[in-house]
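First, the structure itself, so that you have it in front of you.
Order of appearance sets the numbers: ligands from 1, and atoms from 1 within every ligand.
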Amino acid sequence: MSNLNELSITDAAKKLQTGEITAVDLARACLEEIEKERPAGKCDRLNAFLEVFDDVIAQAEEADKRRTAGENHPLLGIPLAIKDNILIEGRRASAASKMLENYVATYDATVIKKLKEAGAVFLGRTNMDEFALGSSTENSAFGVTKNPHDESRVPGGSSGGSAAAVAAHMALGALGTDTGGSIREPASFCGVVGLKPTYGAVSRFGLIAMGSSLDQAGPLTRSVEDAELLFTVIRGRDTLDSTTVDETFYKKRSGGRRIGVPRRLLESGLETDVIQKFEKSLDVMRSKGYEIIDVELPLADLALAVYYIIMQAEVSSNLARFDGVRYGLSLKGESLIDDYAKTRGEGFGHEARRRIMLGTYVLSSGYYDAYFGKATVAREALRREVAGVLEQVEVIATPTTTSPATKLGEKTDNPLSMYLLDILTVTANLTGNPAISLPMGTVERDGTQLPVGLQFTAAHGDENALFAAGRAVE
Ligand code: GLN
């Protein structure tokens with residue numbers, strides 16, 4: 001019974017249901033993969049995990065007991081990895097920050113509660129950019145995660161640990177969070193499927209907030225079917241998050257087969273072979289009966305600028321709670337102000353401090369109208385523009401990223417070039433639309449084949465269109 005860790009969730013579920021394997025077998029297979037060639041002091045060879053829980057086998061035994069007692073959920077006994085900004089009661093949740101290094105969650109996030117009810121097994125918590133601020137996982141306070149396809153490259157971020165763990169078969173699936181692309185971009189760089197649900201589809205209760213009007217938790221998996229399964233379990237209205245909506249909120253759509261391609265957006269610095277792969281995927285879609293039409297999204301050019309104003313503003317206010325009094329790290333200075341300065345100065349890394357300063361600036365009374373106010377207006381215009389296009393087509397298709405995974409350190413000295421990596425992903429967060437990234441083959445860099453992702457965006461609440469298109473191209 002080798003390589004159980006390489007099964008898809010749906011295949012593993014079938015084997016569990018027939019009794020061919022047990023949850024303990026699956027958990028063991030994942031743990032063995034995690035421990036393979038692990039350097040001293042690290043949980044795994046890629047630094048994908050910040051912690052592997054010490055009770056994984058006990059959790060799996062419990063799942064097997066529940067099955068013997070008659071339970072039969074498809075996630076019962078499925079081992080998953082959880083991004084380190086999602087709270088699990090009694091476990092650490094550090095958001096890969098020194099600020100929360102020793103913070104132990106006192107309650108479950110709603111998504112965790114739902115997964116526990118379904119019987120999933122939690123393997124551990126995965127590495128990420130500190131507070132989800134980044135596109136490469138290099139902003140983690142606990143070291144970078146390596147890309148399983150080429151260890152000299154980044155896994156993408158900020159959910160880089162989750163994506164690497166799934167791609168390297170250390171977990172059958174994972175949860176990440178996506179504020180501007182943090183599920184889809186590492187999915188693209190690591191060659192897995194990543195879904196950013198409709199804003200409000202999945203409860204944010206118990207996530208360590210980055211940008212509250214942008215954040216969504218979602219699955220990272222090795223197949224579209226698995227992403228759909230996890231999404232179905234974690235979604236739903238939650239009285240603990242007033243921004244959540246229920247199934248009936250959005251009008252049902254026809255299920256047509258038109259795909260819109262914003263050609264002009266593809267001129268924004270995409271590498272030639274990435275575009276070639278994209279065209280090939282469109283050919284596949286055509287052969288499956290989809291109609292491909294050109295669409296215009298002129299405002300999408302502005303999305304990055306708008307995102308980097310609104311997100312920073314929300315980050316600065318969300319991170320204000322880490323003051324050394326209420327949560328996490330607490331350092332004593334000469335005065336209360338000095339306590340704050342010391343705690344925040346040492347607790348936050350560079351990128352967090354940069355964003356707090358920029359966010360505070362765009363919200364300051366003198367500059368609010370010039371930056372935050374304008375960005376809010378532009379965001380609404382963008383939302384209308386995308387909604388208009390999605391009246392004509394079921395999904396909009398683009399590559400997920402402009403390039404395959406970049407080299408470790410390649411962009412760390414130039415934050416702006418790092419931010420540019422998000423050019424194709426931030427729109428869906430600003431507009432609240434659901435978007436998925438799935439593998440569309442590989443391109444060669446320095447003699448190594450590296451995965452690149454295809455992104456589909458659909459109307460609010462129309463995740464089904466994403467899954468249908470995804471399955472057609474998979
Ligand atoms: N890379 C983007 C940023 O740095 C998105 C991060 C995210 O989605 N959490 O803000």
Identity and distance of the protein heavy atom lying nearest atom 7 (C) of ligand 1: Ser182 OG, 2.4 Å
field: Phe348 ring center near Phe131 ring center (under 6.0 Å)
entry: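 Between Phe348 and Phe131, the centre distance is under 6.0 Å.
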field: Lys113 NZ: over 12 foreign heavy atoms closer than 6.0 Å
entry: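 Count not over threshold, so no.
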Main-chain N/O of Glu138 paired with Asp129 side-chain donor or acceptor, under 3.5 Å: yes
Nitrogen or oxygen atoms of Gly157 and ligand 1 under 3.5 Å apart: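 No, Gly157 has no N/O under 3.5 Å of an N/O on ligand 1.
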- prompt: Just wondering, are more than 12 heavy atoms of other shown residues or ligands nearer than 6.0 Å to OH in Tyr327?
  reply: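 Counting neighbours around OH of Tyr327, 12 or fewer heavy atoms of other residues, nucleotides or ligands fall under 6.0 Å, so no.
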query: Which of the numbered atoms in ligand 1 are below 4.0 angstrom from a heavy atom of Ala132?
result: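 Under 4.0 Å from Ala132, ligand 1 has these atoms: 6 (C), 7 (C), 9 (N).
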query: Would Asp446 and Lys407 pass as an ion pair if we require N to O under 4.0 Å?
result: yes
- request: Using a strict cut-off of 4.0 Å, indicate which atoms of ligand 1 neighbour a heavy atom of Ser135.
  value: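 Every atom of ligand 1 under 4.0 Å from some heavy atom of Ser135: 1 (N).
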- request: Using distance alone, determine whether Leu133 and ligand 1 share an N or O pair under 3.5 Å.
  value: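 Such a contact does not occur with ligand 1.
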field: ligand 1 versus Asp422: contacting region, heavy-atom distance under 4.0 Å
entry: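 Answer for Asp422: side chain.
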- request: Under 4.0 Å, heavy atoms only, figure out whether ligand 1 is touched by the backbone of Ser158, its side chain, both or neither.
  value: side chain
Polar contact flag for Glu185 and ligand 1 (N/O pairs, less than 3.5 Å):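 So ligand 1 has no N or O lying under 3.5 Å from an N or O of Glu185.
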- prompt: Is it true that Arg471 and Glu228 make a salt bridge, defined as a side-chain N closer than 4.0 Å to a carboxylate O?
  reply: yes
statement: Per-atom filter on ligand 1: closer than 4.0 angstrom to a heavy atom of Gly180 are 5 (C), 7 (C), 8 (O)
- prompt: With only distance considered, is Met210 within less than 3.5 Å of ligand 1 through an N or O on each side?
  reply: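 No, Met210 has no N/O under 3.5 Å of an N/O on ligand 1.
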message: Check Asp294 with Arg264, please: is the shortest side-chain N to carboxylate O separation under 4.0 Å?
response: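 Salt bridge: no.
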- prompt: On the ring face of Phe53, is Arg91 found with NZ or CZ under 6.0 Å from the centre and within 45° of the axis?
  reply: yes
- prompt: Against heavy atoms of Tyr307, which atoms of ligand 1 measure under 4.0 Å?
  reply: 2 (C), 3 (C), 5 (C), 6 (C), 10 (O)
- prompt: Does even one non-hydrogen atom of Tyr308 get within less than 4.0 Å of ligand 1?
  reply: yes
task: Check whether any side-chain heavy atom of Leu382 sits under 4.5 Å from a side-chain heavy atom of Leu302, and report yes or no.
output: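 Side chain of Leu382 against side chain of Leu302, heavy atoms only: no contact under 4.5 Å found.
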- prompt: Which option out of Arg355, Met418, Lys83 puts a heavy atom nearest to atom 4 (O) of ligand 1?
  reply: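 Nearest heavy atom to atom 4 (O) of ligand 1 lies in Arg355.
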message: Is there a polar contact between ligand 1 and Thr177, counting only N or O atoms under 3.5 Å apart?
response: no
